[in-house]
Amino acid sequence: MLKIYNTLTNKKEDFVPINHRAVRMYVCGPTTYDYFHIGNGRAFLFFDVVRRYFQYKGFKVLYVQNLTDIDDKIIQKAKEEKTDIDKIASKYIRAFQEDIKGLGIKRASIQPKATDYIHHMIKFIKRLEHKGFTYSKTGDVYFSVGKVKDYGKLSGKNIDQLKAGARVIADMNKEFAGDFVLWKKAKPGEPQWDSPWGKGRPGWHTECVVMAKDILDKENYSRRDDSSNPAELFDIHAGGVDLIFPHHENEIAQARADSNSQLANYWIHNGFINIEGEKMSKSLGNFFTVRDILKKYQAETIRHYYLSKHYRSSIDFNTEILRDSQNAYNKLLQPLKEYYRDKGTFPQKLKCERLFKEEFCLAMDDDFNTARALAVLFELGKEIHKSNTSKDLLVYTLLKLGKVVGFFRNISAHIKEAKQDVYTEKLINMLITYRNEFKQERKWIYADMIRDDLAKAGIVLQDTHEGTKWYFKDS
RNA sequence: GGCGACAUCGCCAAGUGGUAAGGCAAGGGUCUGCAAAAUCCUCAUUCCCCGGUUCGAAUCCGGGUGUCGCCUCCA
């Protein structure tokens, strides 16, 4: 039984999907005003693994990830670069898709853009207004948090505490510091849409609620038969811990106000990445973009790094830790490389070795304990070396389970690639022949010269029982 | 001021009542003309400190100490 830690209840709970054959997830996506950093990357990648695991278990997965393409920061960036927000947004949406792909993350089933939903949002805000949850002043529309029962349940806060909160900056138009803006009046020169409250744009907290509902409608995900579930629900709504408050809290508040829905049954939040013990964030400026890290490290290295610790813990980032992950991942790759070099292919269509599979699933079922799951893969790798009789089965199992966490992407192509250039291969084989001649004649100096010079060119020679093998240093 | 999390080998990191997974690094062996790579073996009687509960605690309780997060845009 899969157990998931639910922020809503602060407990590990048995996962019971709304539909027993399908899982619907909504994962908060990027605000597209910059390249995303490795902290964002952790969330995107981890929830990709969650999705893969559900698929591995036989669920059909609806994976929705929004793109926030209208927002203060985008407007700010557009001003700085003296261009308009569409250009900024589309540039970074494209970059987002590229970097996601670079990390080996599967594309979401649906990626709604906030600007495509402005009219839906206006309709939604009108409904909230009609039900008496809002107030408006001079063109801004606010949501009155105090009118929602259970406000603060997700983040474990109560309204009185929020009142006492020392750091809530007073917005003169707000009746209460915890209220949030649903519709923002446009300032001159800002992007704007017509609305019953004048020209303006939606506040950030509204888009996910509206898009989530609409998508379930469109996708024909009907309400659950029993009427105890009053509205469309996702199984999972996910994002980083920083989104718990106020973002997700406010989403729930709106859903409650609108249709007494809690939006999703399970709320999952991943921990932060720290730089030298301190939170990494755009506002602190101490961040690394995934784009830059991908220039130096392969996706699987980064993946290993992310998954080596439980997703709810915070995790440090530095170059040593990536180097460790690189070495670790290469170790995992080794038995596969060896197998492939011997057999020229990988085993197909077997069943996973039972014990390893069980151990792996036990780890993943325990609130996605990827660190424990990786340990199972390493044990499996070790076992492949030792085993004479069941190598095929074990190799197959390693490949299959590894893919659940996103490892071994295009592995056979990757191994083959190095040898594809026929001329290179001929030339290097020629040099190897010469070197062997020198070795026969015990002219070590010349033999070593060939080996050393090739090494400088990035080609490594290995003397083995079956003769001299070579490979490119980075493959 | 309010709320919360965490502290396990040199480093990273699982384990939440039954006697310390895994990875990196390190040391040793095999292989080699020497290397490199690979491979095999070794590597925490002990889990921040002090008390308590228990037949039994890294795990539960109480009290310290330390680190971090949220309460503001943020994954």
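Quick note on labels: first sequence line is chain A, next is B, and so on, each numbered from 1.
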Original post:
Starting at CG of A:Leu243 and ending at C1' of B:A75, how long is that distance when rounded to a whole Å?
Top reply: 6 Å

**OP:** Assign A:Leu284 to base, sugar-phosphate, or nothing according to its heavy-atom contacts below 4.0 angstrom with the strands shown.
**Re:** nothing

Original post:
So, A:Asp48 and A:Arg52, do they make that salt bridge, N to O below 4.0 Å?
Top reply: yes

Original post:
With ring centroids as reference points, do A:His248 and A:His269 lie under 6.0 angstrom apart?
Top reply: yes

**OP:** Please check the phosphate of B:A14 (OP1 and OP2 only) for any side-chain N or O of A:Lys309 closer than 4.0 Å.
**Re:** no

Subject >> Residues touching RNA chain B, which here means a heavy atom under 4.0 Å, drawn from residues 379-386 of chain A >> reply: A:Glu379, A:Lys382, A:His385

**OP:** Sort out for me which residue in A:Phe176, A:Tyr151, A:Phe180 forms a ring pair (Phe, Tyr, Trp, His ring centres under 6.0 Å) with A:Phe143.
**Re:** A:Phe180

Original post:
Looking at A:Arg372, A:Lys12, A:Arg312, which one forms a salt bridge (charged side-chain N to carboxylate O under 4.0 Å, His left out) with A:Asp367?
Top reply: A:Arg312

Subject >> Nucleotide paired to B:C31 in any strand shown, Watson-Crick or G-U, under 3.5 Å >> reply: none

Original post:
For the base of B:A36, is there a side-chain donor-acceptor partner from A:Arg451 under 3.5 Å away?
Top reply: no

Original post:
Counting any heavy atom closer than 4.0 Å, what does A:His269 reach on the DNA or RNA strands: base, sugar-phosphate only, or nothing?
Top reply: nothing

Original post:
Where the side chain of A:Trp444 is defined as all heavy atoms beyond and including C-beta, which of B:G33, B:A75, B:A38 is the nearest nucleotide?
Top reply: B:G33

Subject >> Rounded C1' spacing from B:U54 to B:C61 in Å >> reply: 12 Å

Original post:
Can you find a side chain N or O atom of A:Lys439 that sits less than 4.0 Å from OP1 or OP2 on B:C34?
Top reply: no

Subject >> Mate of B:G69 where both pairing distances stay under 3.5 Å, Watson-Crick or G-U >> reply: B:C3

Subject >> Partner nucleotide, any strand, of B:U59 [Watson-Crick/G-U, under 3.5 Å] >> reply: none

Original post:
Between atom CG in A:Asn327 and atom P in B:A13, what is the gap in whole Å?
Top reply: 17 Å

**OP:** Carefully, step by step, assess A:Tyr5 and A:Ile268 under the rule side-chain contact (heavy atoms from CB on, under 4.5 Å).
**Re:** CA-CA 7 Å; A:Tyr5 184 90; A:Ile268 312 182; over 6 Å; no

Original post:
Nearest to the side chain of A:Ala375, which nucleotide is it out of B:A75, B:A21, B:C73?
Top reply: B:A21

**OP:** Name the nucleic acid region contacted by A:Glu338, choosing base, sugar-phosphate or nothing; use a 4.0 angstrom heavy-atom cut-off, strictly under.
**Re:** sugar-phosphate

Original post:
Thinking salt bridges, do A:Asp150 and A:Lys153 make one under a 4.0 Å N-O criterion?
Top reply: no

Subject >> Near-parallel close stack of A:Phe36 and B:A75 base (under 5.5 Å, under 30°) >> reply: no

Subject >> For atom CZ of A:Arg303 and atom P of B:C12, their distance in whole Å >> reply: 24 Å

Original post:
Any idea which of B:C71, B:G69, B:A38 is nearest the A:Phe245 side chain?
Top reply: B:C71

**OP:** Could you tell me whether A:Lys137 and A:Asp140 make a salt bridge, using a distance below 4.0 angstrom between a side-chain N and a carboxylate O?
**Re:** no

**OP:** Rounded off to whole Å, could you give me the CD-to-P distance for the A:Glu276 and B:C68 pair?
**Re:** 12 Å

**OP:** Report yes if a side-chain nitrogen or oxygen of A:Asn274 is closer than 4.0 Å to either non-bridging phosphate oxygen (OP1 or OP2) of B:C68; otherwise report no.
**Re:** no

**OP:** Take A:Tyr311 and A:Val241, find for each the nucleotide of RNA chain B with the closest heavy atom, and name the residue whose nucleotide sits nearer the 5' end.
**Re:** A:Tyr311

Original post:
Does B:A37 pair with anything, Watson-Crick or G-U wobble, both distances under 3.5 Å, and if so, with which nucleotide?
Top reply: none

**OP:** Return the nearest nucleotide to the side chain of A:Lys157; candidates are B:G69, B:A75, B:C71.
**Re:** B:C71

Subject >> Which residue lies more 5' along RNA chain B, comparing A:Glu278 with A:Ser281 via nearest heavy atoms >> reply: A:Glu278

Subject >> Spacing between A:Lys391 atom NZ and B:U39 atom C1', to the nearest angstrom >> reply: 11 Å

**OP:** Indicate the ring-plane relationship of A:Tyr446 and A:Phe438, choosing parallel, tilted or perpendicular according to the 30° and 60° boundaries.
**Re:** tilted

Original post:
From B:C73, B:A14, B:A36, pick the nucleotide closest to the side chain of A:Pro246?
Top reply: B:C73

Original post:
Taking 4.0 angstrom as the limit, do A:Arg435 and A:Asp463 come out as a salt bridge?
Top reply: yes

**OP:** Scan every strand shown for a Watson-Crick or G-U wobble partner of B:U42, both distances under 3.5 Å, and answer none if you come up empty.
**Re:** B:A26

Subject >> Who pairs with B:U54 - Watson-Crick or G-U, where each distance is under 3.5 Å >> reply: none

Subject >> Interatomic distance where NE2 belongs to A:His248 and C1' belongs to B:C70 [whole Å] >> reply: 15 Å

Original post:
If we take the C1' atom in both B:C55 and B:C12, what is their distance in whole Å?
Top reply: 36 Å

**OP:** Mind checking A:Gly239 for me? I need base, sugar-phosphate or nothing, with any heavy atom below 4.0 Å counting as a touch.
**Re:** sugar-phosphate

Original post:
CD1 of A:Ile315 versus P of B:G69: gap in Å, rounded?
Top reply: 16 Å

Subject >> Proximal nucleotide (of B:G23, B:A13, B:G33) relative to the A:Ala371 side chain >> reply: B:A13

Original post:
So what does A:Gly41 hit on the nucleic acid, given a heavy-atom distance under 4.0 Å: a base, only sugar-phosphate, or nothing?
Top reply: nothing

**OP:** Look at the side chain of A:Gln462 and decide which nucleotide, out of B:A37, B:A75, B:A14, has an atom nearest to it.
**Re:** B:A37

**OP:** Look at all strands and tell whether A:Leu374 reaches a base, only sugar-phosphate, or nothing, counting heavy atoms closer than 4.0 Å.
**Re:** nothing

Subject >> Value in whole Å for how far the C1' atom of B:C40 lies from CG of A:Asn388 >> reply: 14 Å

Original post:
Any salt bridge between A:Glu190 and A:Arg201, counting N to O under 4.0 Å?
Top reply: yes

Original post:
Looking at the side chain of A:Asp463, which of B:G23, B:A35, B:A38 is the nearest nucleotide?
Top reply: B:A35

Original post:
Going by an N to O cut-off under 4.0 Å, is there a salt bridge joining A:Asp72 and A:Lys184?
Top reply: yes

Original post:
Ignoring hydrogens and angles, does a donor from either the side chain of A:Asp448 or the base of B:G33 sit under 3.5 Å from an acceptor on the other?
Top reply: yes

Original post:
Using a cut-off of 4.0 Å on non-hydrogen atoms, how would the nucleic acid contact of A:Tyr305 be classed: base, sugar-phosphate, or nothing?
Top reply: nothing

**OP:** Please work out if A:Ser314 contacts a base, only the sugar-phosphate, or nothing of the nucleic acid, heavy-atom cut-off 4.0 Å.
**Re:** nothing

